[in-house]
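Keep in mind that the numbers below use all heavy atoms, side chains included, and drop hydrogens, waters and symmetry copies.
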Amino acid sequence: MKLKKSISAVLATVMLLSASCGESSAKERELSKEIVSYDYKYKIETPVDWKLDESAEVKNNESITLYAICDERCIVLGAGVTEIDQDMLPFNNFCNMVINNINSKYFTTVSAGDFTEKDVNGLKMRYLEIQNLTFSDSEEEIRAWCYIGEIDGFYVMFIAETLESLASDKQREEVEMIISTFQRFEV
């Protein structure tokens, strides 16, 4: 009789664990959503509180492939993609082009030597964090995390911005998790 009760208890525990694992998988799926680029070629996975910025100003900027925003945490993530073909400049030239764009956007004097090599959840990237940025139209300082990499036949640049007062390692880690999901749709 004790053996039957023990077996029943073990079976009940296994069934509960199986059911709870299924529930957590469903919850995990609910915690992420897919955001598709403006040209419908690329996608990222984000927490559900992120969305694609659909403003005409952003969508019509040819250098931006997608611009995702999270209003709850006051953070934005822009991505620019350049497909590599036989006429494409070498990766270092692409990096220099990105650096020039960073310097003109943020009014900085960043150089290639300021970037460090970083593993972003399995992706080899060049990384730079710029703190205490000020813009003429904003009273608050901004922090930017910049990533440049070569992924599956294209060069990609990501820049995330948040308010300096809200910047944290947790936010940066969330951005890096999102970056690591970046991929091209199969055609």
Quick check on [X]: does its [atom1] atom have over 12 non-hydrogen neighbours (other residues, nucleotides or ligands) under 6.0 Å away?
| X | atom1 | result |
| --- | --- | --- |
| Asp39 | CG | yes |
| Lys118 | NZ | yes |
| Lys51 | NZ | no |

Spatial distance of atom [atom1] ([X]) from atom [atom2] ([Y]) [nearest 0.5 Å]:
| X | Y | atom1 | atom2 | value |
| --- | --- | --- | --- | --- |
| Ser168 | Ile75 | OG | CD1 | 8.0 Å |
| Glu83 | Phe154 | CD | CZ | 7.5 Å |
| Ile35 | Asp53 | CD1 | CG | 10.5 Å |
| Trp145 | Ile130 | CH2 | CD1 | 12.0 Å |
| Lys43 | Leu52 | NZ | CG | 15.0 Å |

Using ring centroids (six-membered ring only for Trp), state whether [Y] and [X] fall under 6.0 Å.
| X | Y | answer |
| --- | --- | --- |
| Tyr67 | Tyr38 | no |
| Tyr127 | Phe115 | no |
| Phe91 | Tyr155 | yes |

### Task
Taking atom types as modelled, find out whether Gln171 and Glu173 have a side-chain donor-acceptor pair closer than 3.5 angstrom.
no

### Between Trp50 and Glu45: side-chain donor-acceptor atoms closer than 3.5 Å
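No.
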
#### Entry: Listed partners of Glu164 passing salt bridge (Lys or Arg N to Asp or Glu O under 4.0 Å), at least two apart
Arg143

### Query
Does Glu150 have any salt bridge (Lys or Arg N to Asp or Glu O under 4.0 Å) partners at least two apart in sequence or in another chain, and if so, which?
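Listed in chain order: nothing, the list is empty.
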
#### Entry: Glu174 bridged to Lys170 by N-O distance under 4.0 Å
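Judged by the 4.0 Å cut-off on N to carboxylate O distance, Glu174 and Lys170 do not form a salt bridge.
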
### Query
How about Ile69 and Leu77: do any of their side-chain heavy atoms sit closer than 4.5 Å?
no

### Query
Is there a donor-acceptor contact under 3.5 Å from the side chain of Asp49 to the main chain of Asp71?
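A pair under 3.5 Å: no.
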
### Message
Tell me the closest heavy-atom pair linking Cys146 and Ile159, and the distance in Å.
### Response
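What the structure gives for the nearest pair is SG-CG1, 4.1 Å.
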
### Task
Identify the heavy atoms of Val110 and Asn103 that sit nearest to each other, and give their distance.
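Minimum heavy-atom separation between Val110 and Asn103: N-OD1, 2.6 Å.
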
### Phe94 vs Ile148, side chain to side chain contact (heavy atoms under 4.5 Å, CB included): CA-CA, chis, key distance, verdict
CA-CA 9 Å; Phe94 174 77; Ile148 308 171; 3.7 Å; yes

